[in-house]
Amino acid sequence: MADSAQAQKLVYLVTGGCGFLGEHVVRMLLQREPRLGELRVFDRHLGPWLEELKTGPVRVTAIQGDVTEAHEVAAAVAGAHVVIHTAGLVDVFGRASPETIHEVNVQGTRNVIEACVQTGTQFLVYTSSMEVVGPNTKGHPFYRGNEDTLYEAVHRHPYPCSKALAERLVLEANGREVHGGLPLVTCALRPTGIYGEGHQIMRDFYRQGLRLGGWLFRAIPASVEHGRVYVGNVAWMHVLAARELERRAALMGGQVYFCYDGSPYKSYEDFNMEFLGPCGLQLVGARPLLPYWVLVFLAALNALLQWLLRPLVLYAPLLNPYTLAMANTTFTVSTDKAQRHFGYEPLFSWEDSRTRTILWVQAAGSSAQ
Ligand SMILES: NC(=O)c1ccc[n+]([C@@H]2O[C@H](COP(=O)([O-])OP(=O)(O)OC[C@H]3O[C@@H](n4cnc5c(N)ncnc54)[C@H](O)[C@@H]3O)[C@@H](O)[C@H]2O)c1
Ligand SMILES: C[C@@H](CO)CCC[C@@H](C)[C@H]1CC[C@H]2[C@@H]3[C@H](O)C=C4C[C@@H](O)CC[C@]4(C)[C@H]3CC[C@]12C
């Protein structure tokens with residue numbers, strides 16, 4: 001007799017499935033979801049690596065589409081059992097306009113929810129962000145916080161504003177009746193800063209260090225702790241949450257979960273050195289080389305230049321008032337809610353996550369030369 005895993009094959013849709021996190025979610029589903037019958041990968045830009053997945057036992061369907069186009073989303077969602085909505089415009093550098101960020105992150109999410117309701121898809125996992133909570137614009141520390149920790153969430157930047165609005169839409173949609181009469185079950189996962197294979201900012205820091213002869217210069221005090229999580233564990237948490245939403249709908253529906261693992265709490269720069277150090281870079285200075293007010297001045301200058309140059313050229317450096325505030329504010333998470341609600345335990349140890357990331361940085365760095 002066929003067991004239940006064989007009896008019911010499910011159709012999953014991953015929006016943003018060709019992004020940094022999305023690719024890991026896609027690969028994780030193929031490796032670790034026994035009930036997977038078809039995997040739809042929806043993205044504005046499809047990756048060539050998808051081709052190699054099409055030869056495996058699970059049907060992989062690549063769909064080029066835009067989450068801001070409601071009809072494209074509805075066509076992709078129709079017939080899917082589960083949607084993992086990870087597509088988003090991640091921009092804290094001022095590359096995209098606030099309107100575009102809102103359109104993709106908020107309207108795009110609204111389109112996904114409405115598509116679920118119209119077509120009868122019952123389970124929706126949303127990739128939110130720690131930034132729906134903080135760090136806030138006042139620089140208040142969030143130290144080993146959990147989902148119930150009181151914190152003054154004050155957003156001004158378009159990216160966290162959009163993620164907070166989108167998360168609220170997803171949570172409020174929990175319980176809505178979908179086509180066919182069943183209730184929609186939703187939850188939101190809030191990763192801290194994700195790292196791992198495919199992390200473009202890490203690669204950029206590496207290349208910058210190489211250009212500077214192997215040196216990086218400390219700008220942030222080592223005492224500021226920043227939460228980070230390995231991409232493989234974030235992907236695993238999505239797969240588990242999606243799997244358990246059906247069985248534990250009453251418990252998980254409408255809930256948020258911080259996404260975390262055993263990665264050490266460190267400053268943003270010291271954490272990056274865990275990977276960049278073994279790749280030959282050195283971080284100069286036990287303390288920041290420039291006084292904080294100089295960084296504030298440089299960040300403000302960058303913002304001014306960005307505004308002045310906008311009609312002519314896109315000037316979007318790493319340092320701006322928002323990224324400086326983020327890097328300079330302690331924000332760390334410590335929680336067992338995901339473990340209690342759906343049995344999440346990190347799949348990759350810190351040592352494993354570190355080794356995998358180092359190997360990737362080395363390969364990404366050498367391919368750039
Ligand atoms: N990177 C992090 O540290 C981090 C932390 C917390 C949460 N997140 C969230 O995780 C998700 C994935 O982030 P990422 O770091 O992998 O970013 P990414 O830019 O690598 O991936 C996003 C993907 O979404 C796709 N996309 C963007 N606009 C689209 C549109 N209009 N229609 C269809 N597809 C579109 C992109 O092509 C890309 O493949 C985002 O929702 C982000 O807010 C990221
Ligand atoms: C002042 C610089 C000296 O070296 C350091 C600047 C670092 C910043 C570029 C990054 C510091 C914190 C990062 C963000 C954080 O990890 C969490 C995020 C949440 C996620 O939803 C998207 C990415 C990001 C905003 C991430 C972006 C880069 C930083 C601001």
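Both counts, for ligands and for their atoms, begin at 1 and track the order of listing. Everything quoted here is computed from the prediction, not taken from an experiment.
Side-chain N or O atoms of Asn136 include none that pairs as donor or acceptor with a backbone N or O of Val154 at under 3.5 Å. Side-chain N or O atoms of Gln339 include none that pairs as donor or acceptor with a backbone N or O of Glu345 at under 3.5 Å.
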CA sep, side-chain torsions, deciding dist, call: Glu351, Arg354, salt bridge (charged side-chain N to carboxylate O under 4.0 Å, His left out): CA-CA 5 Å; Glu351 290 70 28; Arg354 185 170 176 268; over 6 Å; no
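At a heavy-atom cutoff of 4.0 Å, ligand 2 is contacted by no atom of Lys163, backbone or side chain. Contact annotation: for Leu216 versus ligand 2, there are no heavy atoms closer than 4.0 Å.
Ranking the protein heavy atoms by distance from atom 21 (O) of ligand 2 puts Tyr159 OH, 2.6 Å first. Scanning the protein for heavy atoms near atom 6 (C) of ligand 2, the closest one is Ala327 CB, 4.2 Å. Closest to atom 18 (C) of ligand 2, if we only count protein heavy atoms, is Glu131 OE2, 3.5 Å. Of all protein heavy atoms, the one closest to atom 4 (O) of ligand 2 is Glu269 OE2, 2.8 Å. Protein heavy atom closest to atom 17 (C) of ligand 2, with residue, atom name and distance, is Met326 CE, 3.7 Å. Distance from atom 10 (C) of ligand 2 to its nearest protein heavy atom, with residue and atom name: Tyr268 CZ, 3.6 Å. Of the protein's non-hydrogen atoms, the one nearest atom 28 (C) of ligand 2 is Ile201 CD1, 3.8 Å.
Within the 4.5 Å cutoff, side-chain heavy atoms of Glu197 are placed close to those of His24. In this structure, the side chains of Leu314 and Arg95 come closer than 4.5 Å at one or more pairs of heavy atoms. Taking the side chain as every heavy atom from C-beta outward, Ser353 and Asn233 approach each other to under 4.5 Å. Under the 4.5 Å side-chain criterion, counting only non-hydrogen atoms from C-beta, Val92 is in contact with His157.
A salt bridge links Glu114 and Arg176; the closest N-O separation between the charged side-chain nitrogens and carboxylate oxygens is under 4.0 Å.
Remark: atom 2 (C) of ligand 2 lies closer than 4.0 Å to no protein heavy atom. There is no protein heavy atom closer than 4.0 angstrom to atom 26 (C) of ligand 2.
A cation-pi arrangement is absent between Lys266 and Phe271 under the rule of less than 6.0 angstrom and at most 45 degrees off the ring axis.
Atoms of ligand 2 found under 4.0 Å from any heavy atom of Val90, numbered from 1 in the order shown, are 22 (C). Heavy-atom proximity to Thr323, at under 4.0 Å, picks out these atoms of ligand 2: 30 (C). Per-residue contacts place Leu319 under 4.0 angstrom from the following atoms of ligand 2 (heavy atoms of the residue considered): 1 (C). Atoms of ligand 2 lying under 4.0 Å from at least one heavy atom of Ala219, given by number and element, are 3 (C). Set against the non-hydrogen atoms of Ser129, the atoms of ligand 2 under 4.0 Å away are 19 (C), 20 (C), 21 (O).
Donor-acceptor pairing under 3.5 Å is lacking for the side chains of Thr355 and Asp352. Side-chain atoms of Asp204 and Gln200 include no donor-acceptor pair closer than 3.5 Å. Between the side chains of Arg211 and Gln208, no donor-acceptor pair is found at a separation under 3.5 Å. Lys163 and Tyr126 share a donor-acceptor pair across their side chains, judged by distance under 3.5 Å alone.
Taking the six-membered ring wherever Trp is involved, the centroid distance between the rings of Tyr195 and Phe275 falls below 6.0 Å.
Every N/O-N/O distance between Thr192 and ligand 2 stays at or above 3.5 Å. On a distance-only criterion, His226 and ligand 2 share at least one N/O pair closer than 3.5 Å. Considering backbone and side-chain N/O atoms, Arg228 never comes within less than 3.5 Å of an N/O atom of ligand 2.
Around CZ of Arg218, the count of heavy atoms belonging to other residues, nucleotides or ligands within 6.0 Å exceeds 12.
Sorted by chain then number, the residues whose non-hydrogen atoms approach ligand 1 to under 4.0 Å are Gly16, Cys18, Gly19, Phe20, Leu21, Asp43, Arg44, His45, Gly65, Asp66, Val67, Thr86, Ala87, Gly88, Val90, Val104, Thr127, Ser128, Ser129, Tyr159, Lys163, Pro191, Thr192, Gly193, Ile194.
Applying the side chain to side chain donor-acceptor pair (under 3.5 Å) test to residues at least two apart or on different chains, the pairs with a partner in residues 323-335 are Arg144-Thr332, Glu147-Thr335, Asn320-Thr323.
No heavy atom of Phe217 sits closer than 4.0 Å to any atom of ligand 2.
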